[in-house]
Amino acid sequence: MSASRKNAITPSRSKDYAEWYQQVIKAADLAELSPVRGCMVIKPWGYALWENIRRVLDAMFKETGHRNAYFPLFIPLGFLQKEAEHVEGFAKECAVVTHHRLELDSEGRLVPAGPLEEPLVVRPTSETIIGAMFAKWIQSYRDLPLLLNQWANVVRWEMRTRMFLRTTEFMWQEGHTAHASAAEAMEEARRMLALYAGFARDYMAMPAIQGEKTESERFPGAVNTFTIEAMMQDRKALQAGTSHFLGENFARASEITFLDQEGKRRYAWTTSWGVSTRLIGAMIMTHSDDDGLVLPPRLAPAHVVILPVIHKDEVRSQVMEYCRQLAARLREVRFHDVPLEVELDTREMRGGEKMWSWVKKGIPLRVEIGPRDVAAESVFLGRRDRPARERESLPLAAFIEQVGAILDEIQKNLYERADAFRRRNTREIDSYDELREFFTPENRQKPEIHGGFALCHWAGGAAEEERLKNELGVSIRCIPLDDEEGEQGTCILTGKPSPRRVVIAKAY
RNA sequence: CGGGGCGUAGCGCAGCCUGGUAGCGCGCUUGAAUGGGGUUCAAGAAGUCGUGGGUUCAAAUCCCACCGCCCCGACCA
């Protein structure tokens, strides 16, 4: 194989997708596994992504009337018990604090001491503790709606973890709201779902289907669970965000009541909704290629890297000065109201290695500056949405003028590429045989990338869903919201009439 | 929690079966060549061989116990 055809990431996506994913994270220096089981360390390049996600979403939440607050990490064990389904859903994955002190034993080892009267659970989610506070704060219909959000870390003791997609501890935001009517709460749940879908589309350049979960996939304790489902490049579905209409369930559990205009005591209607650091995993698996991470410009920690090309000491100061000026001028450019983030990479290392390190980090634009560019007042530009070796010379002034437009074009290209991929791998399927064929790899020992989203008529229940899972390893990802009118059809499993199609896929 | 595997330099591994001076690749440090690309050469630093016990003149190697991690199943943002 010639050097010019070498890719930066081994193995390739098609060779071993799961391993490719790990290698992309490593090569981009986003995160690494920590000494703590199932927990990762998010490194600066990865954390900056989260900070950008957070900055944008936080502004969107505030625009829709929400305020931030912070609730405790610890939840009294008894709180979790208040909502029956909630307990059942989370009990198996709770980290429990049972002691509040360490002592040295006779052999000099630290051992827990000072048992707690009531153990504390490290929050897997905060409905119960927030509900307890809502109960105090809400007395009158005038206190409603109460629209809060919390940025926090939570812990779920999962069996198997994967960086960003499922870690024992993860960061997220959880919105919690209380309303005077069911309709208003439902509207809130749907509004926040749409907000997530818009964020995925406009910032992550990731198409996502808005839909509702079936009963068996519902959040424990919710009346309705809504989801945005995105297709990864291995054609599996990833739940990228959720929004729940909780009905009166948590209000009853936590005694969140208010007096309405007629002076009648009523339970509040609550919602909760969240996205997590999983979004970073979603972004990686939506856009990255066999040369590593590809970042959508609107969330990239840096937009442009300037790579000085210096191979003679005589040109050093001249090239560096040109680079510094270029950096300064670029930093004055605003990209969607945010100043351009510009890196000037002055590390003493070989140019090729340096360039590839930025390709692997997914930075949208690379600008190489050598004596030739200085002389010609130009820049040598590489874009991450094009092959790494494909670069073009551009007059300096034109580049500065167009840089925002170029970034927008990259953003658009990434979205369109992802959307085309999703369409290409989405199929309407009307027989169980075809569904089986769709989800059966040719090589059973080492399955190749196959399947995708199957749109099928469905009128089954939990038992039929169980059958799908057992026989084909797939599940109903959601009942899409966007084609409410739908077309009448026949359920693929039961043969019963069905008012609309559902999305069936393998899932993370 | 059931089944399998692995712990040896920062990372990835060989050595163990058949006990006898601690090895390789990458990375790191230094020097040189190269210079619009992931390069090459040379020199160097770095290891209580997971922990504890046993067998032995001698243990990374054989035996026992423990600890940790990874993979495969049931659970999940």
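Sequence lines set the chain letters: A, B, ... in the order given, protein chains first and strands last, and positions in each chain run from 1. What you are looking at is a predicted structure, and each value in this text was computed from that prediction instead of being measured.
Checked for salt-bridge contact, A/E51 and A/R55 miss the test: no charged N lies under 4.0 Å from a carboxylate O. One finds no salt bridge joining A/D291 and A/R389 here, because no Lys/Arg side-chain nitrogen approaches an Asp/Glu carboxylate oxygen to under 4.0 Å.
In this structure, of B/A77, B/G36, B/C11, it is B/G36 that holds the atom nearest to the side chain of A/H311. Candidate nucleotides B/U34, B/G38, B/A77 were compared by shortest atom distance to the side chain of A/E353, and B/G38 ranks first. For A/R278, counting side-chain heavy atoms from C-beta on, the closest listed nucleotide (B/G38, B/C75, B/A77) is B/A77. Of all nucleotides listed (B/U34, B/C11, B/G36), B/G36 comes nearest to the side chain of A/F380. Among the nucleotides B/G36, B/A77, B/G38, the one closest to any side-chain atom of A/V309 is B/G36. For A/E158, the listed nucleotide lying nearest its side chain is B/C75; candidates were B/C75, B/G36, B/G38.
Taking the C1' atoms as reference points, B/U34 lies 8 Å from B/U40, given to the whole Å. With both ends at atom C1', the span from B/C26 to B/G38 equals 14 Å, rounded to whole Å. If you take atom C1' in B/U61 and the same atom in B/G20, they sit 11 Å apart, rounded to whole Å. B/C49 and B/A60 have their P atoms separated by 7 Å, given to the nearest Å. Remark: the separation of the P atoms in B/G47 and B/G23 is 13 Å, to the nearest Å. Taking the P atoms as reference points, B/G54 lies 24 Å from B/U8, given to the whole Å. Of the C1' atoms belonging to B/A9 and B/G15, the separation is 15 Å, rounded to the nearest Å. Rounded to whole Å, the C1' atom of B/C16 lies 13 Å from the corresponding atom of B/A22.
The base-pairing partner of B/G38, taking Watson-Crick or G-U wobble contacts with both distances under 3.5 Å, does not exist among the strands shown. Taking a pair to require two hydrogen-bonding distances under 3.5 Å in either a Watson-Crick or a G-U wobble arrangement, B/G44 pairs with B/C28. B/C16 makes up no base pair with any nucleotide shown, lacking Watson-Crick or G-U wobble contacts both under 3.5 Å. Applying the Watson-Crick and G-U wobble criteria (two distances, each under 3.5 Å), B/C75 pairs with nothing in any strand. In a base pair of the Watson-Crick type (N1 to N3 plus N6-O4 or O6-N4) or a G-U wobble (N1-O2 and O6-N3), with each distance short of 3.5 Å, B/A65 is matched with B/U51.
At a threshold of 4.0 angstrom between heavy atoms, the contacts of A/Q239 are confined to the sugar-phosphate backbone, with no base atom among them. Using a 4.0 Å heavy-atom distance criterion, A/T167 is classed as a base contact. Looking at heavy-atom distances under 4.0 Å, A/L165 makes contact with a base. Residue contacts shown for A/W172 are absent, as no nucleic acid heavy atom lies under 4.0 Å away. A/A240 comes within 4.0 angstrom of no nucleic acid atom, judged by non-hydrogen atoms across all strands. When heavy atoms are screened at a 4.0 angstrom cut-off, A/P371 is found touching base atoms of the nucleic acid. Among the protein residues, A/G274 comes within range of no part of the nucleic acid, since none of its heavy atoms lies under 4.0 Å from any strand.
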Could you list all N or O pairs between the protein and nucleotides 72-74 of chain B that sit under 3.5 Å apart?
unit_1 : atom_1 : unit_2 : atom_2 : d
B/C72  : OP1    : A/R160 : NH1    : 3.4
B/C72  : OP1    : A/R160 : NH2    : 2.6
B/C72  : OP2    : A/R160 : NH2    : 3.2

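When the P atom of B/G38 is taken as reference, atom CZ of A/R389 falls 9 Å away, rounded to whole Å. Per the geometry, CG belonging to A/L238 stands 11 Å off P belonging to B/A77, to the nearest Å. Straight-line distance from the CZ atom of A/F90 to the P atom of B/C75: 15 Å, rounded to whole Å. In this structure, A/Y508 places its OH atom 16 Å from P of B/A77, rounding to the nearest Å. Between the CG atom of A/L381 and the C1' atom of B/G36 there is a distance of 14 Å, given to the nearest Å. In this entry the distance linking CE of A/M40 with P of B/A77 reads 16 Å, nearest Å. Atom-to-atom, NZ of A/K312 to C1' of B/A33 comes out at 16 Å; the value is rounded to the nearest Å. At whole-Å resolution of the value, CZ in A/F219 and P in B/C75 are 18 Å apart.
Nearest heavy atom pair, residue A/A189 against residue A/F245, reads CB-N, 4.2 Å.
Applying the salt bridge (charged side-chain N to carboxylate O under 4.0 Å, His left out) definition to pairs two or more places apart or across chains, those involving residues 308-322 of chain A are A/D313-A/R316, A/R316-A/E348, A/E321-A/R324.
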Cut-off 3.5 Å, no hydrogens considered: what does the side-chain donor-acceptor table look like for residues 23-33 of chain A, sequence neighbours left out?
unit_1 : atom_1 : unit_2 : atom_2 : d
A/Q23  : NE2    : A/E19  : OE2    : 2.8
A/D29  : OD1    : A/K43  : NZ     : 2.8
A/E32  : OE1    : A/K43  : NZ     : 3.3

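Residue A/M349 is the one, among A/M349 and A/E169, whose nearest nucleotide of RNA chain B lies closer to the 5' end (criterion: closest heavy atom). Toward the 5′ end of RNA chain B lies the nearest nucleotide of A/R372, the other residue of the pair A/G89 and A/R372 mapping further downstream.
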- Chi angles and distances behind the side-chain hydrogen bond (donor to acceptor under 3.5 Å, both in side chains) call for A/Y21, A/D16: CA-CA 9 Å; A/Y21 174 76; A/D16 184 345; over 6 Å; no
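Stacking between A/F170 and B/A77 is present: the aromatic ring centre lies within less than 5.5 angstrom of the base six-membered ring centre, and the two planes differ by under 30 degrees.
With 3.5 Å as the limit, one finds a donor-acceptor pair spanning the side chains of A/T177 and A/T271.
In this structure, the separation between CZ on A/R383 and CG on A/L365 is 7.5 Å, given to the nearest 0.5 Å.
No option in A/H244, A/H66, A/H176 other than A/H66 meets the ring pair (Phe, Tyr, Trp, His ring centres under 6.0 Å) test with A/W273.
Although no hydrogens or angles enter the test, the distance criterion places a donor-acceptor pair under 3.5 Å between the side chain of A/R366 and the main chain of A/A388.
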